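Each remark here refers to the structure printed beneath this line.
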Amino acid sequence: MALVPCQVLRVAILLSYCSILCNYKAIEMPSHQTYGGSWKFLTFIDLVIQAVFFGICVLTDLSSLLTRGSGNQEQERQLRKLISLRDWMLAVLAFPVGVFVVAVFWIIYAYDREMIYPKLLDNFIPGWLNHGMHTTVLPFILIEMRTSHHQYPSRSSGLTAICTFSVGYILWVCWVHHVTGMWVYPFLEHIGPGARIIFFGSTTILMNFLYLLGEVLNNYIWDTQRQPLSWQDMKINFMYLGPSS
């Protein structure tokens, strides 16, 4: 048994995301007042995804505690559905979108921060909040992946879902440009139509790659290719930090 129950970690992570979201929404930036508000930024969408995901994790923990030892088949069935939803969200949204936001943001930031996070934003967003939005997402999701085994959906359905999300967000960005005449991200103003198509196509491919990376990492951590976990094993691992031995 690990020293820190995973329930405590999940509650702490959920509270941190709630704090980040509240502080971000409290900032009076001009971009928040324009068409689409905060919802035109993938960073904000990712924060919502992570908060909802860890909210489901906490709800699953509570349900597991309440149903443990009850022997109620209906409650067990509902718990399995909740765990399936938790696993689907990690596989399709929380991991690929979270890792994408962290990786792409810091790569572009290192190349030329003005292309994605102009210095002007330092007057509105404190450094700790920037890291809360663009850095801690990665260790948080890796902690969750390490604490509990997650059952990935079929590869075809998972890739279809992440492709749908990626294309949907790209269309949303294009629609915002159509309405306002301005691109959500400054660097899109400085590249031509062909380069934008290549960029959008590359981001969709990267999202698919990150989905596959998450699946491989999950299998590596839990060795599910060689020794799949039973439902009882999943319930035990679900309760404590680290794999049961």
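Counting from 1, the numbers follow the sequence of the chain as shown. A quick note: this is a predicted structure, and the numbers were derived from the prediction, not measured. Below, all heavy atoms of this structure are taken into account, side chains as well, without hydrogens, waters or symmetry copies.
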Looking only at the side chains, is there a donor atom on one of Q50 and D46 sitting less than 3.5 Å from an acceptor on the other? yes

Report yes if the side chains of [X] and [Y] come closer than 4.5 Å at any heavy-atom pair, otherwise no.
X    : Y    : value
K40  : V173 : no
S16  : T136 : no
L188 : F200 : yes
Y24  : F41  : yes
R86  : C57  : yes

Test side-chain contact (heavy atoms from CB on, under 4.5 Å) on I221 and M145; report intermediate values, then the result. CA-CA 8 Å; I221 291 173; M145 185 170 280; 3.8 Å; yes

Donor-acceptor under 3.5 Å ([X] side chain, [Y] main chain):
X    : Y    : answer
S19  : L15  : no
N218 : H150 : yes
T60  : I56  : yes
R196 : I191 : yes
K25  : C22  : no

How many angstroms lie between atom [atom1] of [X] and atom [atom2] of [Y], to the nearest 0.5 angstrom?
X    : Y    : atom1 : atom2 : answer
F44  : W39  : CZ    : CH2   : 5.0 Å
N23  : M133 : CG    : CE    : 10.0 Å
E76  : I83  : CD    : CD1   : 8.5 Å
Y17  : I13  : OH    : CD1   : 7.0 Å
I143 : S148 : CD1   : OG    : 12.0 Å
N208 : I162 : CG    : CD1   : 7.0 Å

Take R113 and K119 through the side-chain contact (heavy atoms from CB on, under 4.5 Å) test and state the conclusion after the steps. CA-CA 8 Å; R113 67 167 294 178; K119 291 183 179 179; 3.7 Å; yes

Find out if a path of hydrophobic residues (ILVMFWY) with successive side-chain heavy-atom gaps under 4.5 Å connects [X] to [Y].
X    : Y    : answer
L213 : I49  : yes
L171 : V184 : no
L47  : W128 : yes
V216 : L206 : no
L212 : F209 : yes

Closest contact, heavy atoms only, [X] versus [Y]:
X    : Y    : answer
W222 : H149 : CZ2-N, 3.2 Å
L14  : G55  : CD1-N, 3.7 Å
G214 : Y152 : C-OH, 3.0 Å
I20  : G132 : CD1-O, 3.5 Å

Looking at [X], I'd like to know if its [atom1] atom is crowded, meaning that more than 12 non-hydrogen atoms belonging to other residues, nucleotides or ligands lie closer than 6.0 Å.
X    : atom1 : answer
M29  : CE    : yes
E28  : CD    : no
F124 : CZ    : yes

Between the side chains of R10 and E144, is the shortest nitrogen-to-carboxylate-oxygen separation below 4.0 Å, so that they form an ion pair? yes

Considering only NZ, NE, NH1 and NH2 on the basic side and carboxylate oxygens on the acidic side, decide whether D87 and R80 come within less than 4.0 Å. no

With side chain to side chain donor-acceptor pair (under 3.5 Å) as the rule and sequence neighbours excluded, what pairs involving residues 156-178 come up? Y35-W175, S154-S157, Y169-Y185, H177-W183

Would you please test T204 and I170 for side-chain contact (heavy atoms from CB on, under 4.5 Å) and show each step? CA-CA 9 Å; T204 302; I170 290 170; 3.5 Å; yes

Name every donor-acceptor pair, under 3.5 Å, that has one atom in a side chain of residues 90-106 and the other anywhere in the protein, sequence neighbours excluded.
{"unit_1": "W106", "atom_1": "NE1", "unit_2": "H134", "atom_2": "O", "d": "2.8"}
{"unit_1": "W106", "atom_1": "NE1", "unit_2": "T135", "atom_2": "OG1", "d": "3.3"}

F187: ring pair (Phe, Tyr, Trp, His ring centres under 6.0 Å) partners, not counting sequence neighbours: F199

Go through it in stages, so that I can follow the logic: the residues are I116 and Y111, the test is side-chain contact (heavy atoms from CB on, under 4.5 Å), and I'd like the CA-CA distance, side-chain angles, deciding distance and then a yes or no. CA-CA 10 Å; I116 194 167; Y111 177 75; over 6 Å; no

